[in-house]
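Throughout, protein chains are lettered first and strands after them, A, B, ... in sequence-line order, and every chain is numbered starting at 1.
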2 protein chains.
Amino acid sequence: MYDKERAKSSVYFTFGISVDCVVFGFDGSHVKVLVIKRGMEPYKNFSAIPGDLVLEREDPLDAIKRVLNELTGLKDIYLEQLKAFAGVDRHPLGRVVTIAYYSLIKIDDYNPNPSSWATDAKWASIEDIDEMAFDHFEIFTEALTRLKERVRLKPIGFELLPEEFTLAQLQHLYEKLLGKTFDKANFRKKILGMDLLFPLEKLQKAVKHRPARMYRFDPSRYADLTKRNFHFEL
Amino acid sequence: MYDKERAKSSVYFTFGISVDCVVFGFDGSHVKVLVIKRGMEPYKNFSAIPGDLVLEREDPLDAIKRVLNELTGLKDIYLEQLKAFAGVDRHPLGRVVTIAYYSLIKIDDYNPNPSSWATDAKWASIEDIDEMAFDHFEIFTEALTRLKERVRLKPIGFELLPEEFTLAQLQHLYEKLLGKTFDKANFRKKILGMDLLFPLEKLQKAVKHRPARMYRFDPSRYADLTKRNFHFEL
DNA sequence: ACAAAAGTGTTACACGTACACCCATGA
DNA sequence: TCATGGGTGTACGTGTAACACTTTTGT
């Protein structure tokens with residue numbers, strides 16, 4: 001994305017604002033991040049976080065929504081600002097202030113389609129990330145840390161699952177995210193006890209064992225509970 | 001602090017980076033914020049958060065440390081970035097990206113001295129803050145929200161107390177910060193059970209009741225425990 | 001009938017809550 | 001000796017941890 005800078009006036013190089021977004025997904029087994037492969041110098045062939053420069057009269061939040069929409073075709077994605085990265089020499093071609101976001105998407109909603117877009121994006125497991133262009137590895141690391149903190153205190157894990165999911169899927173997600181295991185029975189009791197999940201009649205299909213019940217997160221229920229001084233915690 | 005912009009070249013107005021810091025303190029009874037009174041338009045006579053423009057080749061973290069040092073004379077203050085505020089029209093004189101921080105200081109270390117500095121800064125109780133210049137009220141609100149979250153999960157409350165403090169002071173602080181009351185006996189058991197506080201021989205003095213024991217937070221102890229997978233939580 | 005995962009019940013124990021009580025100091 | 005807040009012990013209930021067990025499906 002920074003490649004575009006080359007085409008722009010040098011005013012942007014002396015002082016640019018960009019937005020980058022760490023996009024998380026979950027494929028049922030691993031927590032994933034969306035990375036793109038840079039096609040140009042600097043950092044040619046390095047992995048990078050998707051992003052773009054912010055236009056002169058553009059709100060950064062609009063800018064990052066634009067980037068995400070162009071990349072994935074999705075709207076109304078869960079999105080939160082992480083922090084700004086603004087060191088003097090983070091970009092070799094001139095000073096750039098980057099406002100970093102992270103977002104959570106349902107992985108089924110976006111399959112990187114190599115032919116659809118110029119940048120080739122793909123999902124990478126978070127354990128496999130090692131080096132990245134610029135200070136993107138640092139951004140990724142901080143985003144992951146923040147996600148781990150947030151997911152314990154806010155019911156945002158559901159953003160990474162399909163609309164309808166089983167409790168086993170949910171448990172698996174939390175186990176991967178928090179890096180520990182839960183007892184099945186206790187996990188169910190705790191999460192169902194919160195009264196945040198709406199049980200559906202629908203059952204899992206085409207599994208070679210007893211099919212699990214599907215659930216749906218009920219945001220209005222959560223809003224109600226919040227007013228009554230309820231605090232999600234896992 | 002924005003007043004300085006007037007003296008600078010218009011390049012900064014078309015695109016400036018500034019740093020602002022929400023400085024918290026605790027006087028034993030109330031959580032306080034350091035506010036300055038603006039002496040010039042725009043927002044003349046409004047309260048504002050201390051801050052300044054970032055120089056062309058200055059790291060924002062250095063910039064905010066500079067501002068805090070100029071204002072309070074202190075160094076090595078607890079400091080954390082909140083987030084960036086970068087809306088297009090937040091500043092009437094031109095686009096400014098503000099990186100907001102918050103910091104915690106021991107209130108005894110800084111008494112606003114009206115004669116010592118041009119800007120007159122003073123401590124205000126967080127309940128009394130209502131309106132501020134620019135979007136500073138929003139910045140303040142978000143900083144406070146973040147502080148409330150952080151203080152539950154990280155042992156940073158001590159940054160707001162003197163080096164040596166009593167358990168009653170600590171309890172009071174948490175009660176004001178989290179907006180609830182704790183049972184004295186249970187609070188002590190919990191906090192002392194964490195093994196983070198070093199009990200001193202010293203006792204409280206000149207109080208007209210039984211003097212309380214003084215404690216000191218032990219950061220090295222905390223570092224140790226963290227390695228053993230301990231997680232602070234209150 | 002078997003494997004595999006869903007789903008439930010039971011018990012022991014740790015921890016939070018509530019509250020009563022004693023202690024040390026200044027006036 | 002009284003008022004004030006420091007400091008501690010205990011009893012009770014709730015919630016978490018551990019684990020065994022039953023259920024339902026596909027092969």
Can you give me every donor-acceptor pair (side chain of residues 162-170 of chain A, partner residue at least two apart or in another chain, under 3.5 Å) with its distance?
{"residue": "A:Glu164", "atom": "OE1", "partner": "A:Lys202", "partner atom": "NZ", "Å": "2.8"}
{"residue": "A:Glu164", "atom": "OE2", "partner": "A:Arg216", "partner atom": "NH2", "Å": "2.9"}
{"residue": "A:Thr166", "atom": "OG1", "partner": "A:Ala168", "partner atom": "N", "Å": "3.4"}
{"residue": "A:Thr166", "atom": "OG1", "partner": "A:Gln169", "partner atom": "N", "Å": "3.1"}
{"residue": "A:Gln169", "atom": "OE1", "partner": "A:Thr166", "partner atom": "N", "Å": "2.9"}

Item checked: Contacts of A:Phe198 that satisfy ring-ring contact (aromatic ring centres under 6.0 Å, His included) - sequence neighbours left out ->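 Counting only residues at least two positions away or on another chain, A:Phe198 forms no ring-ring contact (aromatic ring centres under 6.0 Å, His included).
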Margin query: Which residues pass the ring-ring contact (aromatic ring centres under 6.0 Å, His included) test with A:Phe187, not counting sequence neighbours?
Written below: A:Phe182
Notebook entry, point to check: Are OP1 or OP2 of D:dT8 and a side-chain N or O of B:Arg188 less than 4.0 angstrom apart?
Noted result: yes
Notebook entry, point to check: Hey, does the side-chain of A:Lys190 have a donor or acceptor N/O within less than 3.5 Å of a partner on the base of D:dG15?
Noted result: no
Check: salt bridge (Lys or Arg N to Asp or Glu O under 4.0 Å) with A:Asp108: which residues, sequence neighbours excluded?
Finding: none
Item checked: salt bridge (Lys or Arg N to Asp or Glu O under 4.0 Å) partners of B:Glu159, counting only residues at least two apart -> none
Result block: side-chain N/O donor-acceptor pairs under 3.5 angstrom for residues 224-234 of chain B, not counting sequence neighbours:
{"residue": "B:Thr226", "atom": "OG1", "partner": "B:Tyr222", "partner atom": "O", "Å": "2.8"}
{"residue": "B:Glu233", "atom": "OE1", "partner": "A:Arg152", "partner atom": "NH2", "Å": "3.4"}
{"residue": "B:Glu233", "atom": "OE2", "partner": "B:Arg152", "partner atom": "NH2", "Å": "3.3"}

Item checked: Parallel, tilted or perpendicular: rings of B:Phe140 and B:Phe137 (30°, 60°) -> tilted
Next item on the list: Kindly write out the residues that satisfy side-chain hydrogen bond (donor to acceptor under 3.5 Å, both in side chains) with A:Tyr78, not counting sequence neighbours, or none if the list is empty.
Entry: A:Glu80
Next item on the list: Could you list the residues that satisfy side-chain hydrogen bond (donor to acceptor under 3.5 Å, both in side chains) with B:Ser220, not counting sequence neighbours?
Entry: B:Asp218
Check: Please give, in whole Å, the distance from D:dG6 P to B:Phe187 CZ?
Finding: 12 Å
Notebook entry, point to check: Can you give one letter per nucleotide of nucleotides 9-15 of chain C, 5' to 3': B if a protein heavy atom sits under 4.0 Å from the base, S if only from the sugar-phosphate, - if neither?
Noted result: BB-----
Between N or O atoms, less than 3.5 Å apart, protein on one side and nucleotides 24-27 of chain D on the other: list the pairs.
{"residue": "D:dT24", "atom": "O2", "partner": "A:Arg210", "partner atom": "N", "Å": "3.2"}

Checklist line | Those residues that, when tested against B:Asp62, pass side-chain contact (heavy atoms from CB on, under 4.5 Å) (two or more places apart) | finding: B:Glu58, B:Asp59
Item checked: Residues in contact with DNA chain D, drawn from residues 226-234 of chain B - heavy-atom cutoff 4.0 Å -> none
